[in-house]
Amino acid sequence: MFGKKRVAIVGAGLTLFRRNLKETGKELAYEASKMALDAAGMELSDIQSVVMGTAPDAFDGVHMKGEYLADGAGARNKPYVRVYVGGGTGVFTPLAGWWHVASGQFDTCLVVCEEKMSSCFPHPAYAFTTIFDNILARPLGTTLIWIFALEMHRYMHKHNIKKEQIARVAVKNKRNALDHPCAQLAANITVEDVLNSEIMCWPVQRLDISPTSDGAAALVLASEDVAKKVTDNPVWIDGVGWCIDSTIWTNRDLYYPDYVEYAARMAYKMAGIKNPPKEIDLAEPYDPFDYKELHHMEGLLLCRKGEAPKLTEEGVTARDGDLPICPSGGLLGVGNPIAAAGAMKVCEVFWQLRGEAGKRQVPGDPRTGVAQAWGDLMQYGSVIVLRR
Amino acid sequence: MSEKIKSYPGFRIKTADLREGKVPFEAWRPRVRYAWSAGIAMSRFLEELKNGRIIATYCNKCGRIMVPPRVFCEQCFKPVDGWKYVKDTGTINTYSVSFIAGDASRIKEPIIVAVIDIDGASPGMGILHKIGEINWKEVKFGMKVKAVWKPPEERVGSITDIKYFKPIREETL
């Protein structure tokens with residue numbers, strides 16, 4: 001075990017995910033934070049440190065967004081930091097909360113993730129154009145969906161994967177989301193619906209993509225001493241990993257995310273996991289696009305390279321399968337308020353391991369779960385291993 | 001969502017209502033511009049594009065010939081050892097076909113986008129560019145392509161001095 005102290009999650013909170021919420025980002029952060037504190041049976045005065053995760057300032061048009069959101073995260077007059085690693089933020093923020101407590105510096109840390117994408121007109125996709133290389137990529141009119149379509153196509157080509165196989169992920173996750181009370185795009189759809197949906201950027205079609213969303217999520221982290229006082233069923237953060245590759249993404253083979261594998265290996269080593277598919281009971285890999293769930297299952301070493309589509313076809317990744325993947329409904333079904341979406345996955349694993357997931361509960365009394373997020377220029381992986 | 005929690009906060013509004021001012025709101029349009037110096041490596045690269053050539057840098061330690069060029073090798077973390085012209089031909093590593101613009105609006109003529117591994121550089125050294133003079137349904141992985149340059153008088157030292165890459169058809173070989 002790295003770190004001085006074992007760290008537990010003792011409470012979680014989540015708002016609705018919607019295309020457009022009336023609440024400000026600060027108000028959403030408050031709602032999620034308050035719910036997490038209530039769930040932990042704690043007051044703000046019990047919280048010694050706060051970590052905020054939120055993605056590009058360009059969405060909100062509010063610079064110093066971390067500072068702006070601080071009040072909503074209960075951070076006033078407390079040690080506070082905002083962290084940001086693109087789409088990887090939602091899982092990275094709990095990792096940053098972990099080192100606050102594992103270091104021994106604090107006994108408690110409130111982890112809050114917020115995103116409000118609805119403020120940006122005409123579409124938040126345009127705010128993403130500022131992430132591209134300003135000399136080489138932006139003059140070409142590069143968009144986010146171009147580059148993900150390039151990655152998806154390379155992955156399909158390398159392993160001879162058909163779109164029908166990938167579409168099954170969208171069908172599964174949107175269906176799983178029917179049981180999630182916060183879900184934005186829960187639906188009963190078919191593979192044909194996905195294949196017949198509008199082509200955005202071949203091979204990406206409309207139903208391959210998660211929506212843009214507003215929402216917030218929060219977690220209360222505590223040291224072992226505190227955790228055992230406030231709850232009988234803490235969920236332990238037993239593994240953490242994070243890794244970045246170069247922004248020069250045109251120089252690497254996009255068919256496989258090495259950086260996710262490196263982050264996963266770091267987390268598994270810490271958690272003592274030697275055989276991930278056997279020792280992990282459920283996983284929430286990042287699924288902003290349906291192919292990404294498959295890509296990330298492989299990067300997380302949950303199966304061999306190119307094998308994830310087959311496992312999906314065989315039902316292994318269904319909620320009642322041998323290795324449930326995205327039982328929450330994922331970003332495809334619940335929604336994708338960037339930082340809050342990754343944190344929603346950590347919330348889901350927390351609730352699943354506590355047996356509180358209700359209609360979404362995976363069978364078999366799960367003991368170990370993994371959540372992962374992915375971001376920046378197809379280059380960042382953040383991984384967390386939770387155990388009860 | 002925990003089954004212990006009975007209701008979840010969040011008040012949904014319609015995006016159209018926000019844009020049409022039917023809910024209280026405030027709006028703002030940024031009025032800023034940016035101009036970036038292209039840097040040491042990219043300035044040379046752009047000047048060479050103006051001359052109709054693609055230039056790389058190489059590192060003698062790892063042996064890589066790198067496009068786009070850089071002044072330091074990020075693997076060996078040392079200065080590169082020199083410059084080297086590479087070809088304006090390459091191979092399609094992966095491609096996609098966009099039917100939407102940057103603001104997610106729909107466009108009529110699809111844009112074919114590709115990562116092109118440049119001939120003369122190390123394997124897998126690709127750049128992002130567009131593909132032209134071919135129907136998108138006929139594009140293939142591994143297809144050989146060649147840069148189509150703007151006329152010299154129209155070049156300004158930009159990646160767009162290459163209009164696009166076009167397939168090298170057998171009859172033109």
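Quick note: numbers below take in every heavy atom, side chains included, and nothing from hydrogens, waters or symmetry partners. In the text below, chain A, chain B and the rest are named by the order of the sequence lines, each starting its count at 1.
When each of Ile159(B), Ile13(B), Ile127(B), Ile116(B) is checked for heavy-atom pairs under 4.5 Å with chain A, Ile13(B) comes out on top. Comparing Ile112(B), Leu18(B), Leu128(B), Thr160(B) by heavy-atom pairs within less than 4.5 Å of chain A, the highest count is held by Leu128(B). Counting heavy-atom pairs closer than 4.5 Å to chain A, the top residue among Glu74(B), His129(B), Arg64(B) is His129(B). Of the listed residues Val115(B), Ile111(B), Asn93(B), the one with more heavy-atom pairs under 4.5 angstrom with chain A than any other is Asn93(B). By number of non-hydrogen pairs under 4.5 angstrom with chain A, the leading residue of Arg19(B), Lys130(B), Lys14(B) is Arg19(B). The residue among Ala114(B), Ser96(B), Pro30(B) with the most heavy atom pairs within less than 4.5 Å of chain A is Ser96(B). Heavy-atom pairs under 4.5 Å with chain B were tallied for Leu140(A), Ile147(A), Leu150(A), Thr143(A); the largest tally goes to Leu150(A).
Neither the backbone nor the side chain of Ser122(B) comes within contact range of chain A; no heavy atoms are under 4.5 Å apart. Interface residue Ile135(A): backbone and side-chain heavy atoms are both found under 4.5 Å from chain B. For chain A, no part of Ala121(B) is nearby; none of its heavy atoms comes within less than 4.5 Å. Only the side chain of Ile145(A) comes within less than 4.5 Å of a heavy atom of chain B; its backbone N, CA, C and O stay farther away. Of the atoms belonging to Asp253(A), not a single heavy atom falls under 4.5 Å from chain B. In this structure, chain A has heavy atoms under 4.5 Å from both the backbone and the side chain of Met125(B). Using a 4.5 Å cut-off between heavy atoms, Ser328(A) makes no contact with chain B at all. For chain A, no part of Phe25(B) is nearby; none of its heavy atoms comes within less than 4.5 Å. Heavy atoms of Leu46(B) lying under 4.5 Å from chain A belong exclusively to its side chain. With a threshold of 4.5 angstrom between heavy atoms, Ala32(A) does not approach chain B through any atom at all. Proximity to chain A is absent for every atom of Val23(B), based on heavy atoms less than 4.5 angstrom apart. Heavy atoms of Arg106(B) lying under 4.5 Å from chain A belong exclusively to its side chain. Residue contact with chain A, scored on non-hydrogen atoms closer than 4.5 Å, is absent for Ala27(B).
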Assess the residue pair Gln352(A) and Gln361(A) against the criterion (side-chain hydrogen bond (donor to acceptor under 3.5 Å, both in side chains)); give the C-alpha distance rounded to whole Å, side-chain angles, the decisive distance to 0.1 Å, and a yes or no. CA-CA 6 Å; Gln352(A) 290 282 354; Gln361(A) 186 64 47; 3.2 Å; yes

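Relative ring orientation between His153(A) and Phe141(B) is described as perpendicular, the plane-to-plane angle rising above 60° on a 0-90° scale split at 30° and 60°. Under the 30°/60° scheme for interplanar angles, the aromatic rings of Tyr291(A) and Tyr155(A) are found to be tilted.
The heavy-atom pair separating Glu284(A) from Gly330(A) by the smallest distance is OE1-CA, 4.4 Å. Of all the heavy atoms in Thr250(A) and Gly126(B), the pair that sits closest is OG1-O, 2.7 Å. The two residues Met378(A) and Trp249(A) have their closest heavy-atom pair at CE-CE3, 3.5 Å. Nearest heavy-atom pair across Val346(A) and Leu386(A) is O-CD1, 4.0 Å.
Side-chain atoms of Asn251(A) never come within 3.5 Å of backbone atoms of Met66(B) as a donor-acceptor pair (strictly under, hydrogens ignored).
Aromatic ring centroids of Trp136(B) and Phe99(B) lie under 6.0 Å apart. Taking the ring centroids of Phe59(A) and Phe128(A), they lie under the 6.0 Å cut-off.
Classification of Arg18(A) and Asp214(A) as a salt-bridged pair fails, no side-chain N sitting under 4.0 Å from a carboxylate O.
Once rounded to the nearest 0.5 Å, the distance linking OG1 of Thr212(A) with CD of Glu115(A) reads 11.0 Å.
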